[in-house]
Protein chains: 2
Amino acid sequence: MNLKELATKLGLSPTTVSRALNGYPEVNESTRERVMAAAKRHNYRPNTRAIRLATGRALAVGHVIPLATRHEIVNPIFADFIAGAGETYSRNGYDMIMSVVPDEAEEQAYRDLKSRGTADGVILHAPRMNDPRIPLLHEIGIPFLVHGRATGTELPYSWVDVNNRRAFQRATEFLLDLGHIRIGLVNGLEFMDFAIRRRTGYVDALAARGLPLDPALMSSDEMTEVSGYRAASTMLDLPESPTAFLVASMISGMGARRAIEERGLKMGRDISVIIHDDDLSYMKNGGDVPIFTATRSSVRDAGRIAAEMLLGIIANPGGQPEHRLLEAELIIGQSTGPGPRSFSPGTAPHKV
Amino acid sequence: MNLKELATKLGLSPTTVSRALNGYPEVNESTRERVMAAAKRHNYRPNTRAIRLATGRALAVGHVIPLATRHEIVNPIFADFIAGAGETYSRNGYDMIMSVVPDEAEEQAYRDLKSRGTADGVILHAPRMNDPRIPLLHEIGIPFLVHGRATGTELPYSWVDVNNRRAFQRATEFLLDLGHIRIGLVNGLEFMDFAIRRRTGYVDALAARGLPLDPALMSSDEMTEVSGYRAASTMLDLPESPTAFLVASMISGMGARRAIEERGLKMGRDISVIIHDDDLSYMKNGGDVPIFTATRSSVRDAGRIAAEMLLGIIANPGGQPEHRLLEAELIIGQSTGPGPRSFSPGTAPHKV
DNA sequence: CCGCGAATTGAAACCGTTTTGGATGCGCAC
DNA sequence: GTGCGCATCCAAAACGGTTTCAATTCGCGG
């Protein structure tokens, strides 16, 4: 059942039927009702392919995923981000199209999205420092929104990001307030923008209290269980081992916990741990009582917001770049407790 | 730059240019070369929207993801499956479109995919027992392929699946051969088809050795760290606790390990653990020496295969349903060791 | 020299919508 | 009665390709 058939069935022209269905004002209310009713009765769905061609819009948003050596980093949070964004797209009648391409084909993938008219806009994932994709997308001239930010990029662009620096700064302060002095940082790979910012937050917090930085207490690697375990193990075996950890993800946090427990220590009592929790639907940080104390920010919400912002940009391409900085909550769980300083007499705890 | 412009620039008709580019035989070789060169020079990309309308094909495959209460189950493996499938789509010039919809809108989502012409076929994820979506897709008349199988469904359908029953049967036998008699099953939710089959494998292996089933040693829940921990803890606290576990996923395996280590036991020495490993790119089971002994089957490969099969079905809609059963490997890691039986004199170990 | 088939090209229809640019009829003010 | 504005509808032209059907040219056998 297509528009023309529906029109003849109604004794109307396709023009009128189209206008009636799309809510144009120049059609008689009674006609409109008749059309609507007939459309529903024959359950007519307009052919998307024709709409796209006629309107010149793709009614779709693209996500390019390089099949990269290192894209594992994105993966765990990817599903949730997609879920949030996809929800928004569906609600607005947009399709979400995902291009999984070999690393070296990423640029071409973006170009094709534009030149073949497959997508009206794209979301850029996992930005790195000086990310070359941002100038690229500018050059191509396709509306886009970045999930995260790219340190070092001068060109303007719209983004949504978690305040990673602030989150890790607060987490560090929290540990310091608890009396911890030696705090290990188990960070993600530091060419990723978010990891750089988290490190900055950690460094700033220590500096603000006049505490020295110890390179031995700062590690950076993929956020897997194994690498979390390794980093924590190494630090725990130091002569002056840390009494607390700041860990970049839930998964690496589980590795850190393993290292701790393997040494007969108890997390939350002997060693404090704070993780960053993306609030993934399949990886909940406990129930009402969180297992880990965490800086939490829902990546699914971020996806929703990102999609909304991008649709806004698509609708109004000329506008100013928009930014949205999401604050992470500090969730107190069972993995943190007082540190050595809180017991030393004469040392007053810092004010919060 | 569109076809018509390119044609005038070449002094040819759009017809000829189209044919030249699409490899039709009735065009002079020298003309074809001229056209190809010009197309490359002006880097002409045919407009996908127009192609779709003209050919009546969507050149896209749909994945419907219900934003469900329980779809967490799919999530962790979803990213990898998608990566595999998406790779295949890209190579074949197909788009992957994902519809994230509220639970109750799932049926409508499939109908729309067909009636609005957005997709040429769909992949059905995470089938349950008597899954109603299989008759639905039949009724709609859209080519589809199921990742997994649906016990209880009589209608024919194409699928790709891991031999879950056999994998868990072998794993159980392996533990039995090691001398374990009391083996705990930490399964996924048993309305999911794969969980049913795994349980069957476990049950069959025990039955084959004439061993009794103990309901207290069989649990079923979501595959999270916490529920793995809970299930293992409960069993370990039984008067007659198990000496080995069969666990449905890497994540719940990490929970089980925590329960074990929390009790001062060592995995691989005191308690054996076998998990199922989907070989997720962001969740590797160790490096050269796997941490967990595991039944392993790459879900990314499954995605690749699924996509290829589906494209085949789309190209040849009349054909017979195709099936592909993937065997899981048994990977020996550090989490398994001899059980109590292997020490009892007079009890010969079973043959493998 | 004519006719025929093969090779090569093109004109025009088509895919199913939207959108432009009228048409038509009617009421109403002058 | 004429002109004008308004409400309502429609024919036809897009959109950018593919595909059908026909035209043209050329070589060659009879």
Side-chain angles (χ1 to χ4, degrees), chain A residues 1-36 38-39 42-60 93-95 112-120 315, chain B residues 1-36 38-39 42-60 93-95 112-120 315:
Chain A
M1 170 67 46
N2 61 20
L3 188 68
K4 206 179 295 178
E5 288 169 24
L6 188 63
T8 33
K9 213 174 276 274
L10 279 162
L12 288 170
S13 76
T15 313
T16 306
V17 176
S18 169
R19 288 208 264 244
L21 292 174
N22 291 321
Y24 282 73
E26 65 264 54
V27 40
N28 192 315
E29 260 328 300
S30 70
T31 317
R32 188 192 306 280
E33 277 162 29
R34 219 158 53 87
V35 172
M36 292 291 215
H42 299 90
N43 75 54
Y44 163 74
R45 310 265 153 196
N47 184 310
T48 322
R49 300 195 279 259
I51 296 181
R52 292 199 226 262
L53 180 58
T55 60
R57 304 188 304 155
L59 293 174
Y94 271 70
D95 281 343
D112 283 2
L113 241 32
K114 167 75 177 189
S115 62
R116 315 183 49 163
T118 324
D120 295 321
Chain B
M1 170 65 48
N2 61 22
L3 188 69
K4 207 176 295 179
E5 288 169 25
L6 188 65
T8 33
K9 215 173 275 274
L10 279 161
L12 287 169
S13 74
T15 312
T16 306
V17 176
S18 169
R19 287 206 266 243
L21 293 174
N22 293 320
Y24 282 72
E26 64 263 53
V27 40
N28 191 315
E29 260 327 299
S30 70
T31 315
R32 188 195 305 280
E33 278 163 29
R34 221 159 52 86
V35 172
M36 291 291 215
H42 298 90
N43 73 55
Y44 163 73
R45 310 264 152 197
N47 184 311
T48 323
R49 300 195 279 259
I51 297 182
R52 292 199 225 262
L53 180 58
T55 60
R57 305 187 305 155
L59 293 174
Y94 271 70
D95 282 342
D112 284 2
L113 242 32
K114 167 75 176 188
S115 62
R116 313 184 49 163
T118 324
D120 294 322

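Throughout, protein chains are lettered first and strands after them, A, B, ... in sequence-line order, and every chain is numbered starting at 1.
- Taking 4.0 Å as the cut-off between side-chain N and carboxylate O, Asp95(B) and Arg116(A) do not count as a salt-bridged pair.
- Thr31(B) comes within contact range of the sugar-phosphate backbone alone, with a heavy-atom separation under 4.0 Å but no base atom that close.
- Nearest nucleotide to the side chain of Tyr44(B), out of dT9(C), dG17(D), dT18(C): dG17(D).
- Sequence order on DNA chain C of the closest nucleotides to Leu53(B) and Ser13(B) puts Ser13(B) first from the 5' end.
- Here Thr15(B) lies in heavy-atom contact (under 4.0 Å) with a base.
- Remark: C1' of dG10(C) and NZ of Lys4(B) are 14 Å apart, rounded to the nearest angstrom.
- Atom CG in Leu6(B) sits roughly 13 Å away from atom P in dG10(C) (whole-Å rounding).
- The CZ atom of Arg34(B) sits 13 Å away from the C1' atom of dT8(C) (whole-angstrom rounding).
- If you check the side chains of Thr16(B) and Ser13(B), you find a donor sitting under 3.5 Å from an acceptor.
- Between Asn47(A) atom CG and Arg52(A) atom CZ the span is 9.0 Å, to the nearest 0.5 Å.
- Leu3(A) comes within 4.0 angstrom of a base, heavy atoms only.
- For Asn47(A), counting side-chain heavy atoms from C-beta on, the closest listed nucleotide (dT8(D), dG16(D), dG16(C)) is dG16(C).
- In this structure, Arg19(B) reaches the bases: a heavy-atom distance under 4.0 Å links it to at least one base atom across the strands shown.
- Between Tyr24(A) and the phosphate of dT8(D), there is no side-chain N or O to OP1/OP2 separation shorter than 4.0 Å.
- To the nearest angstrom, P of dA23(D) lies 17 Å from CD of Glu26(B).
- A donor-acceptor contact shorter than 3.5 Å links the side chain of Asn28(A) to the backbone of Ser30(A).
- Comparing Glu29(B) and Thr55(B) along DNA chain C, the residue whose closest nucleotide (by nearest heavy atom) sits nearer the 5' end is Glu29(B).
- Closest approach to the Asn2(A) side chain among dT9(C), dG16(C), dT18(D) is made by dG16(C) (side chain taken as heavy atoms from C-beta onward).
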